[in-house]
Amino acid sequence: QSHSSQATGPTRAPHPDYTLHVSHPTPAQQAAHKESAVSVSAVGTRGASRKQDGLGAILAASASVHATEPPRRSASRPLADAGVDLERLVAEGAVLDWSAVYLRDELGITLFASGFGYAAFQLTMTIMRFAGDHVRDRFGAVNTVRFCSAASVAGLLCAGLAPNMAVVIIGFAITGAGISNLVPVAFSAAGNLPGLQPGIGLSVTTMLGYSGILAAPSLIGFIAEHIGFAPIFTGLSLLHVIVFFMAPLARYAERERES
C-alpha cells in the first residue's frame, strides 16, 4: 500500500467552477420590467409638469404684483413742486415784510399810509382764496395756476415800476389776487402725487416752501440796502414767470367733477 501511494502521488482538491451562468428573463419578467419603466417615466413626467406649473404660477403671481403695484415716482417730482412753491412764497414774504418800508422810504409815503400796500395785498388774497375752490373747479388747476401767475407777474411789475403810491397799492392788490391760489393748489398737488404717500409730498413741499417766506426776506433786505426795493419787486416777477411755465405740475391737484 505504501508503494502504491507513493507511485500515485498526493491527492489534489478539485478546482472551483468560475463559469458565469447568465439566466435569460422569461417573457413575463420582461413585461413586468417594461411596466415598471413606463410607470417611472410617467411619474417623472408628472413631476416635471408640476414643477413647470409651479414656476408658471410663481411668475404669474409676480407679474400680477408688479402690474398692481403703483408707479414709482422719482424724488424730483416733489422737489420740483416744492421749488415752485418756494418761488410763490418768496414774493409773499417780500410783500409781507418790505412793502411798507418800500412805500415809506422810496416813495415818501407817511408812516400811516405806508401800511396800505400790504393791506390791499392781504385783502385781495383773502377774498380770492375763499373763492379758490370754485375757480379751480370751474377752470381747472393748471389754468388757475397760469392765470394767477400771470396776475402776480403783472402786479409785481406794477408795484416795482410805479411812479406813485396809488399805482403801488394797485400793484400789490393784483399781486395778492394772483398769489392767493398758487399755494393751496401746490399743496393739493403735492398730496396727490401718484406713487408717493401724501404725508411725504406735503412735508417736502411745506418745508421748502415756507423756508422761502422765512429766509428770503432777510436776503431781500440785505440786497435792497444796495439797489433799493423797486428792482427787488420787479425782479421777483421773474420767479412767477417760471411758475407760469411749470403750471402743468398742478394737474395732480385736479378734482373730479360731480356728474
Side-chain angles (χ1 to χ4, degrees), residues 80-129 132 142-186 205 208-250:
D81 192 71
V84 173
D85 193 46
L86 173 65
E87 295 166 356
R88 297 161 181 163
L89 288 172
V90 164
E92 183 175 348
V95 177
L96 171 66
D97 289 346
W98 298 113
S99 59
V101 179
Y102 170 51
L103 286 169
R104 184 187 63 191
D105 293 351
E106 296 191 13
L107 296 178
I109 308 301
T110 62
L111 182 62
F112 173 78
S114 62
F116 289 168
Y118 177 70
F121 170 84
Q122 193 65 45
L123 177 65
T124 56
M125 185 171 66
T126 302
I127 294 173
M128 290 301 298
R129 190 159 287 180
V142 175
N143 291 331
T144 299
V145 169
R146 286 173 178 163
F147 171 78
C148 290
S149 300
S152 62
V153 168
L156 289 169
L157 288 174
C158 185
L161 303 175
N164 53 57
M165 180 188 73
V167 179
V168 171
I169 293 176
I170 293 173
F172 284 143
I174 297 173
T175 303
I179 293 178
S180 59
N181 289 304
L182 293 178
V183 174
V185 171
T205 302
L208 293 180
Y210 279 107
S211 66
I213 204 173
L214 294 174
S218 301
L219 180 61
I220 290 172
F222 175 78
I223 298 174
E225 290 183 355
H226 301 85
I227 64 175
F229 285 104
I232 294 292
F233 287 113
T234 303
L236 288 176
S237 65
L238 298 177
L239 295 179
H240 286 225
V241 172
I242 299 175
V243 173
F244 179 87
F245 287 108
M246 297 183 72
L249 288 175

Taking all non-hydrogen atoms of both residues, which atom of [X] and which atom of [Y] are closest, and how far apart?
| X | Y | value |
| --- | --- | --- |
| Met128 | Asn181 | O-ND2, 3.3 Å |
| Ala230 | Glu106 | N-OE1, 3.5 Å |
| Cys148 | Gly178 | CB-O, 2.9 Å |
| Val185 | Val145 | CG1-CG2, 3.6 Å |
| Thr175 | Gly155 | OG1-C, 3.1 Å |
| Leu103 | Ala113 | CD1-O, 4.5 Å |

Check your understanding: Roughly how far, to the nearest 0.5 Å, is the CG atom of Leu239 from the OG atom of Ser149?
Key ->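 Output value for this atom pair is 11.0 Å.
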Practice item. Any chance you could lay out the side-chain contact (heavy atoms from CB on, under 4.5 Å) test for Phe244 and Val153, step after step, and finish with the verdict? Key: CA-CA 9 Å; Phe244 179 87; Val153 168; over 6 Å; no
Tell me if a side-chain donor or acceptor on [X] pairs with a main-chain N or O of [Y] at a distance below 3.5 Å.
| X | Y | answer |
| --- | --- | --- |
| Ser114 | Ile109 | no |
| Glu92 | Ile179 | no |
| Ser237 | Phe233 | no |
| Thr124 | Phe121 | yes |
| Arg129 | Ser180 | yes |

Practice item. For the residue pair Leu157 and Thr234, establish whether any side-chain heavy-atom pair is separated by less than 4.5 Å. Key: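 Yes, side chains in contact.
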Point to revise | Non-hydrogen side-chain atoms of Ile220 and Trp98 separated by less than 4.5 Å | key: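 Yes, at least one pair of side-chain atoms sits under 4.5 Å.
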Practice item. Using the side-chain contact (heavy atoms from CB on, under 4.5 Å) rule, take His240 and Leu182 through it: C-alpha gap first, then chi angles, then the decisive distance, then the call. Key: CA-CA 10 Å; His240 286 225; Leu182 293 178; 4.0 Å; yes
Donor-acceptor pairs under 3.5 Å, side chain of residues 160-174 to any protein atom, not counting sequence neighbours: which ones?
{"residue": "Asn164", "atom": "OD1", "partner": "Ala166", "partner atom": "N", "Å": "3.3"}
{"residue": "Asn164", "atom": "OD1", "partner": "Val167", "partner atom": "N", "Å": "3.1"}

Point to revise | side-chain hydrogen bond (donor to acceptor under 3.5 Å, both in side chains) partners for Gln122, two or more places apart | key: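 Expected list: Tyr118.
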Practice item. Determine, step by step, whether Ile242 and Leu238 satisfy the side-chain contact (heavy atoms from CB on, under 4.5 Å) criterion, reporting the C-alpha distance in whole Å, the side-chain angles of both residues, the deciding distance to 0.1 Å, and the verdict. Key: CA-CA 7 Å; Ile242 299 175; Leu238 298 177; over 6 Å; no
Exercise for review: Name all residues meeting the ring-ring contact (aromatic ring centres under 6.0 Å, His included) criterion together with Phe112; count only those two or more places apart in sequence or in a different chain, and write none if there are none.
Suggested key: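 Expected list: Phe116.
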